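Below you'll find the structure, written out as structure tokens, and then a few comments.
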Amino acid sequence: MNEASGGGSRAAAVTAPGAPTPEPVADERLANIGLVARLMRRPEVGSLLGALVICAFFWLTTDVFGTLNGIANWTDVASTLGIMAVAVALLMIGGEFDLSAGVMTGTTGLLMGLLTTEWGISMWPAIALTFLFAATVGFLNGYMVMRTKLPSFIVTLATFFVLQGVNLGVTKAITGTVRVAGLGDVPGYDSASKLFSSTFWAPHNFRISVIWWIAIAALATWVLARTRAGNWIFAVGGDANASRNVGVPVARVKIALFMTTAIAAALVGIMIALRLSSVQAGQGVGEEFTYIIAAVVGGCLLTGGYGSAIGASLGALIVGMAFIGIQFSGWNTDWRFLFLGVILLLAVLVNNLVRHRAEGARR
Amino acid sequence: MTAEKAPLLEVRGVSKYFGNVIALKDISLGVGAGEVTCVLGDNGAGKSSFIKILAGVHPHDDGEFLVEGEPVRFKSPRDARERGIATVFQDLATVPLMSVWRNFFLGSEPTVGKGPLRRIDVGRAQQTMREEMRKMGIDVRDADQPVGTLSGGERQAVAIARAVYFGAKVLILDEPTSALGVKQSGVVLRYVVQARERGLGVIFITHNPHHAYPVGDRFVVLNRGRLLGDWRRGEIGRDELVKMMSGGAELDQLTHELESQLEGPG
Amino acid sequence: MRGLRAGLLALLMVLGLAVFAEACGGDDDGGGDSGGSPATKDDVDLTQGQDVTIAMVTHGDGGSFWAVAKKGAEDGAKQMGVTLKYSESNNDPQKQAQLIDSAVTEKVDGLAVSAPNPDALKDSLQKAVDAGIPIITLNSGADDYESLGAYTHVGQTEEIAGEGAGAKFKEAGAKKVLCVIHEQANIGLNQRCDGAKTGFGGEVENLQVKGTDDVQTTLTEIQSKLQADKSIDAVLALNPDIAVAARDAIKGAGSSAKLGTFDLSGDVVTAIQDGEIEFAIDQQQYLQGYLPVVFLTLNKTNANTVGGGQPVLTGPGFVTKDNAETVAQLAQDGTR
């Protein structure tokens with residue numbers, strides 16, 4: 001007795017249990033057609049399309065966007081954004097938000113600055129301490145979210161306010177001004193700059209943060225697609241309860257993700273501090289939403305369980321290209337935010353459209 | 001009289017309290033290899049407290065809980081799984097957005113390589129998943145398709161196949177047919193029989209006696225946390241079972257009252 | 001079919017962007033590259049201003065103060081017949097550095113920057129120097145313009161202006177001054193308050209407020225402070241939007257504190273005429289936008305350098321009830 005599976009799924013066929021199972025018919029043929037469909041349903045499609053369109057647009061309408069110098073400019077902007085966007089995307093796939101990620105880039109930079117200029121610690125130990133600090137804050141964020149069971153939006157918003165106040169209050173109390181400066185004179189500055197904030201390929205001067213960004217995006221992609229941890233990240237974001245029931249250590253995974261965003265923020269904070277030889281007390285405030293936007297443009301769902309590190313990188317690239325592209329075009333900068341908003345909206349819409357089409361067609 | 005097989009899983013006089021509330025009182029039942037024990041009860045009968053004890057979500061307060069003759073007290077669902085007790089909850093413990101193979105191996109992903117290069121053996125995972133699903137009679141052509149796109153019955157199959165594959169000795173199914181239509185339910189019941197035929201012990205929890213009756217070897221009815229009765233196959237008919245479940249005596253009285261009201265005045 | 005749809009959508013996006021650019025592209029005819037070789041001593045640039053592009057990169061926030069500076073720059077560019085590329089970094093030094101980098105990439109003919117944070121801009125400005133682009137600083141950075149590679153500075157020195165404000169309050173007989181700082185990251189503002197302390201010679205307390213992004217909250221913050229501390233009888237605002245908020249806060253708190261401010265706007269001038277504000281210190285930011293554009297253009301076309309190695313001061317100028325009338329109309333037009 002053969003019973004159809006029903007329920008509208010055409011991709012699987014049910015045969016009577018116990019009957020000899022038929023050999024799958026011509027799987028290779030299906031695979032060929034499937035490849036295009038498979039590519040279309042990837043979360044990065046919208047952001048890739050958006051990035052290509054914007055790149056083409058500015059390339060064709062300005063003289064310098066496509067030159068190596070120009071590319072160095074917009075990859076510069078995209079790189080620090082991209083590092084954070086990847087970390088924030090991982091957290092979003094895991095089902096949580098970190099609104100303190102932006103201000104954290106300021107806190108870590110300020111900490112490193114104060115350690116070196118006020119308390120005479122040399123650069124490399126200060127950097128190590130800064131990372132340690134960031135890991136602790138990330139741990140606290142994650143622990144509080146898991147313990148209180150409050151939405152991470154709320155918990156990290158509180159952290160955001162705390163850090164914003166601390167940044168300003170501590171800086172003012174210690175230095176009497178609103179910034180920490182003089183990093184250039186600290187022993188170890190030169191070697192640290194080389195690793196974190198130098199440029200390469202003169203005279204075009206690409207920033208080394210671009211290399212960091214690419215490496216981090218590649219690492220994140222590998223973790224998501226090919227490791228157990230990645231599987232767990234998708235799972236706890238998609239359905240934390242179900243994951244717990246099959247033995248995935250939900251709390252550990254989420255806390256690790258919060259620590260990742262904090263450590264990424266430390267990396268970016270250190271990069272900026274070394275580049276500018278100084279840190280403003282207001283650094284990073286407001287950037288947390290840009291990271292989230294880049295991640296969403298890249299295909300991450302706000303509800304978690306779905307997304308891509310490459311997509312988030314492309315989202316960051318779009319923001320960077322738009323920022324510099326508008327400069328090169330000489331448009332009235334009063335309209336800059338309008339333009340950015342329109343681009344991002346379009347990218348997200350294309351994302352949704354393409355994904356729904358790709359999934360719908362397969363049903 | 002056929003010799004009773006040594007039960008794979010058995011509870012004797014188990015009770016569970018939540019503060020002042022008695023969720024379960026003095027429950028005794030068991031299941032052996034290759035058997036299906038149906039646990040029936042209406043909503044509020046204590047079925048979910050019971051299943052959580054078996055699954056290791058929380059511990060029992062009184063009585064004994066034995067697995068293969070040894071007393072156990074699970075600290076977590078992971079413990080229970082390791083002892084060979086696989087529970088398929090109503091929400092199926094599957095993540096809808098993830099692909100079938102990722103769900104299949106969630107928590108127990110096969111790896112290759114060492115240290116930081118340790119990665120999931122995707123090829124093996126996909127192949128194994130296909131094979132196990134084929135044994136359930138389902139040919140999953142696209143290993144990457146999200147579980148959410150499968151039908152309800154197919155999703156049950158994934159959950160059951162997963163449990164079976166990972167060496168479950170006892171399979172506990174929590175209301176597997178409740179959210180399904182008639183046709184799909186039939187398919188799932190077939191999986192229950194299959195699991196039995198593969199030598200597992202199955203505890204089938206449901207509030208639908210029509211589904212339980214065809215597949216059960218043993219029937220147990222819960223009502224308000226207590227055991228109403230315990231019958232082997234053949235010892236009770238289906239109608240009787242239905243009556244037992246819906247609180248037969250109370251239903252009779254209600255029918256009587258309504259009838260007299262209708263005939264009543266004038 | 002799917003691919004076609006996506007392709008159409010992409011095409012639509014490009015067209016949409018192009019139309020948008022046409023509609024909103026104010027200052028540029030699409031390119032902005034200076035082109036041509038730099039003028040040699042024997043070459044007279046007869047097409048004066050045709051190919052010249054001046055970039056102005058400030059740390060501005062788009063508020064009423066910077067809008068006037070921008071107007072000055074735009075007017076200057078129009079009058080000189082050059083292309084202006086104006087951009088603001090909203091107080092983010094990294095963004096400002098990146099904007100300067102992109103101006104260097106475009107090989108502009110002159111670069112005007114505000115430098116509230118000289119360390120942060122040093123490297124990018126060095127790139128401009130290496131590329132042979134002349135630099136003028138404006139508004140902030142009076143102490144550092146030479147080390148940054150600029151040949152002059154157009155603006156007002158903060159301490160001196162602050163001293164002037166303090167002196168004015170002293171004249172008016174005030175006992176305690178509240179100095180309202182609205183930009184968390186601007187050292188210049190702190191310098192003004194320090195200057196006020198020197199000029200006032202009495203008690204000056206600084207108050208950090210939300211800023212021009214959220215004037216309502218700023219108002220509440222000032223009002224609460226005044227209600228809590230009744231000994232404050234003078235308030236010094238450092239921005240025209242903040243001054244207006246302070247005026248309303250003073251009213252709301254039922255305080256009789258005298259109010260002075262830095263910088264002008266139409267509302268501020270009206271308030272001076274109405275006696276609600278005692279004085280405004282005008283750093284004439286219109287000139288801070290206008291003059292650098294003119295200087296850099298002449299530097300390019302006529303090899304002129306202005307300043308003689310000194311900063312070119314645009315303030316402090318005081319606007320009080322006496323001269324408010326004249327200034328009023330100009331402020332309403334957005335040029336003062």
Side-chain angles (χ1 to χ4, degrees), chain A residues 36-37 40 45 49-50 52-54 56-57 61-64 67 69-70 72-74 76-77 80 168 172 176-179 181-184 205 272 275-278 280-283 285 323-324 326-336 338-339 342-343 346 349-350 353-354 357-358 361, chain C residues 1-3 5-6 9-11 13-14 16-18 20-21 24-33 35 53 55 62 70 83-88 90-95 97-99 101-107 117-123 127 130 181 183-187 189-190 208:
Chain A
V36 176
M40 291 294 270
V45 168
L49 228 73
L52 287 172
V53 166
I54 289 172
F57 177 76
T61 60
T62 67
D63 291 335
V64 289
T67 62
N69 284 344
N73 287 148
W74 45 263
D76 175 5
V77 178
T80 46
L168 184 58
K172 268 203 149 170
T177 67
V178 293
R179 65 175 177 150
L183 283 157
N205 291 326
I272 296 179
R275 172 188 186 156
L276 305 176
S277 309
S278 62
Q280 303 273 60
Q283 163 78 36
V285 171
F323 185 76
I324 297 291
I326 294 174
Q327 281 311 111
F328 288 156
S329 300
W331 296 355
N332 196 334
T333 51
D334 292 338
W335 298 102
R336 171 157 51 118
L338 175 63
F339 178 78
V342 169
I343 289 183
L346 282 175
L349 286 177
V350 169
L353 187 82
V354 171
R357 293 225 138 237
Chain C
M1 259 318 123
R2 245 176 279 126
R5 271 281 189 134
L9 195 67
L11 186 61
M13 274 175 76
V14 178
L17 288 171
F20 189 76
C24 300
D27 306 316
D28 196 37
D29 21 281
D33 198 61
T53 304
K70 186 176 176 188
T83 307
L84 172 72
K85 287 234 162 130
Y86 180 89
S87 53
E88 294 179 323
N90 200 11
N91 282 306
D92 184 333
Q94 192 195 23
K95 285 213 174 71
Q98 287 164 339
L99 289 168
D101 286 344
S102 43
V104 173
T105 298
E106 291 185 276
K107 300 203 183 59
N117 191 342
D119 281 347
L121 305 180
K122 211 194 312 224
D123 282 349
K127 285 204 207 102
D130 293 340
I181 300 185
E183 236 170 62
Q184 198 187 20
N186 191 325
I187 302 90
L189 298 183
N190 284 276
Q208 182 77 35

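All figures in this text were calculated on a predicted structure; none of them were measured in a lab. In the text below, chain A, chain B and the rest are named by the order of the sequence lines, each starting its count at 1.
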Inset, instruction - Could you please spell out the steps behind the side-chain contact (heavy atoms from CB on, under 4.5 Å) verdict for A:L276 and C:N117? - result: CA-CA 9 Å; A:L276 305 176; C:N117 191 342; 5.8 Å; no
Legend entry - Audit row: A:T80, C:Q94, side-chain contact (heavy atoms from CB on, under 4.5 Å) steps and yes/no: CA-CA 10 Å; A:T80 46; C:Q94 192 195 23; 3.9 Å; yes
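Heavy atoms closer than 4.5 Å to chain A are found in the side chain of C:D123, but not in its backbone. For C:K127, the part lying under 4.5 angstrom from a heavy atom of chain A is the side chain only. Residue C:L99 touches chain A through its side chain alone, counting heavy-atom pairs closer than 4.5 Å. Looking at A:N69, the atoms closer than 4.5 Å to chain C (heavy atoms on both sides) sit in the backbone and in the side chain alike.
The side chain to side chain donor-acceptor pair (under 3.5 Å) search around A:S277 returns A:Y189, not counting sequence neighbours. Checked against side-chain contact (heavy atoms from CB on, under 4.5 Å), C:E88 has the following partners two or more places apart in sequence or in another chain: C:T58, C:W66, C:Y86.
Considering every non-hydrogen atom in both C:T105 and A:V64, the closest pair reads O-CG1, 3.9 Å. C:A97 and A:R275 make their closest contact through CB-NH2, 4.2 Å (heavy atoms, listed as atom of the first residue, atom of the second, distance).
Here C:K85 contributes atom NZ and A:F328 contributes atom CZ; the two are 8.0 Å apart, rounded to the nearest 0.5 Å.
Under 3.5 Å, the side chains of A:Q327 and C:S102 contain no donor-acceptor pair of N or O atoms.
Contact count versus chain C (heavy atoms, under 4.5 Å) is highest, among A:T67, A:V77, A:I324, for A:V77.
When side chains are defined from C-beta on, A:R179 counts as touching C:D119, because their heavy atoms get closer than 4.5 Å.
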